[in-house]
Amino acid sequence: MAGTTVADGGLVERAFEAAAAELGVQPGSADHTEKLAYVRATMGESKISVFRHLFGTEDLAQRANSAFEKAYGGLVDGGLVAPLPGAREAIEELAAEGRTVVLTTGFARVTQDAILDALGWRDLVPLTLCPADAGGRGRPFPDMVLEAFLRTRAADEVRQVAVVGDTSYDVLTGVRAGAGLVAGVRTGAHGDAEFRAAGATHVLDSVADLPALLKGAG
């Protein structure tokens, strides 16, 4: 969602500051710089997985994740998220064409719901998924894509699924799931080189270009 259909203005990094402070990581320190660089490099990955890597133990990871989710939710409630231009229209166009759209995230369910509520998107799509909805594994594992495929029953085979996202982790998720179309979008964390390296079949300026691409592919 964030970076693909939702503009959050760098809220992930701001919420990371809260998580780092919770665990005593000093702003401006080498440790802080290194951890922030890892957060930037792994945009799109399940946040709890990121914190497990950064802090080593499950207890510390859970503390960091709780602080992150609380901070991010507060920023969302403060009106600091907005739809990316053309995102809602693209989703509505796809639905009007009979396609099923599922929104996925690396955030926890409480944060995903806060974003949906802030945008008024609760009824926009038939299904939204976070890592916990797919057994706990987020990107770059294929689980959320496969969960969407199984729950919606909207396609006869995984090759009929299209996966779109703003990070290399989104792309890798789609590739690992066996999706027939896997596109990176230039509205978020990563760019063309990362998308191609991860196996993207297409690179789009934004998700607003997806309906036209699917019409051409069809």
Any non-hydrogen side-chain atom of [X] less than 4.5 Å from a side-chain atom of [Y]?
X: L116; Y: M1; result: yes
X: V145; Y: F149; result: no
X: V12; Y: F107; result: yes
X: L181; Y: V161; result: no
X: M144; Y: T173; result: no
X: D8; Y: L80; result: no
X: L94; Y: L210; result: yes
X: W121; Y: P83; result: yes

With side-chain contact (heavy atoms from CB on, under 4.5 Å) as the test, would you mind laying out the steps for H32 and F16 before giving the verdict? CA-CA 10 Å; H32 185 280; F16 165 75; 4.1 Å; yes
Specify the closest pair of heavy atoms between [X] and [Y], including all atoms of both residues, with the distance to one decimal.
X: P140; Y: L172; result: CB-CD2, 3.7 Å
X: S168; Y: A198; result: O-CB, 3.7 Å
X: E147; Y: A134; result: CB-CB, 4.0 Å
X: P126; Y: T100; result: CG-CG2, 3.9 Å

Is the backbone of [Y] close enough, under 3.5 Å, to the side chain of [X] for a donor and an acceptor to pair up by distance?
X: T187; Y: G3; answer: yes
X: E89; Y: A208; answer: no
X: S29; Y: Q26; answer: yes
X: R63; Y: E22; answer: yes
X: Q160; Y: E157; answer: yes
X: E194; Y: G191; answer: yes
X: R52; Y: E58; answer: no

Among the clusters formed by ILVMFWY side chains lying less than 4.5 Å apart, do [X] and [Y] turn up in the same one?
X: V175; Y: V203; result: yes
X: L84; Y: V81; result: no
X: L23; Y: V39; result: yes
X: V6; Y: V76; result: yes
X: V185; Y: I115; result: yes

Given L129 and R151, is the side-chain contact (heavy atoms from CB on, under 4.5 Å) satisfied, shown in steps? CA-CA 10 Å; L129 294 173; R151 285 206 202 182; 3.9 Å; yes
Give a yes or no on whether a salt bridge exists between E93 and K215, defined as a side-chain N under 4.0 angstrom from a carboxylate O.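 Yes, this pair counts.
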Does D113 come within less than 4.0 Å of R109, counting only side-chain N to carboxylate O?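 Salt bridge flag = yes for R109 with D113.
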Name the one of T105, T104, D166 that satisfies side chain to side chain donor-acceptor pair (under 3.5 Å) with T4?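 Among T105, T104, D166, the one meeting side chain to side chain donor-acceptor pair (under 3.5 Å) with T4 is D166.
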Test log, rule side-chain contact (heavy atoms from CB on, under 4.5 Å), inputs E97 and E92: CA-CA 9 Å; E97 293 168 356; E92 291 174 336; over 6 Å; no
Show, in sequence, the C-alpha distance, side-chain angles and deciding distance for K35 and D31, and conclude whether the salt bridge (Lys or Arg N to Asp or Glu O under 4.0 Å) test is met. CA-CA 6 Å; K35 284 179 166 55; D31 186 34; 2.6 Å; yes
Atom CG in L204, atom CZ in F195: separation rounded to 0.5 Å?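 The distance works out to 9.0 Å.
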To the nearest 0.5 angstrom, please state how far the OH atom of Y169 sits from the OG atom of S49.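 Those atoms lie 10.0 Å apart.
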Step-by-step side-chain contact (heavy atoms from CB on, under 4.5 Å) determination, F141 to L146: CA-CA 10 Å; F141 296 103; L146 297 176; over 6 Å; no
Looking only at side chains, do E45 and H53 share a donor and an acceptor under 3.5 Å apart?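 Distance-only check fails for E45 and H53.
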Can T167 and R139 be counted as having a side-chain donor-acceptor contact under 3.5 angstrom?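 No.
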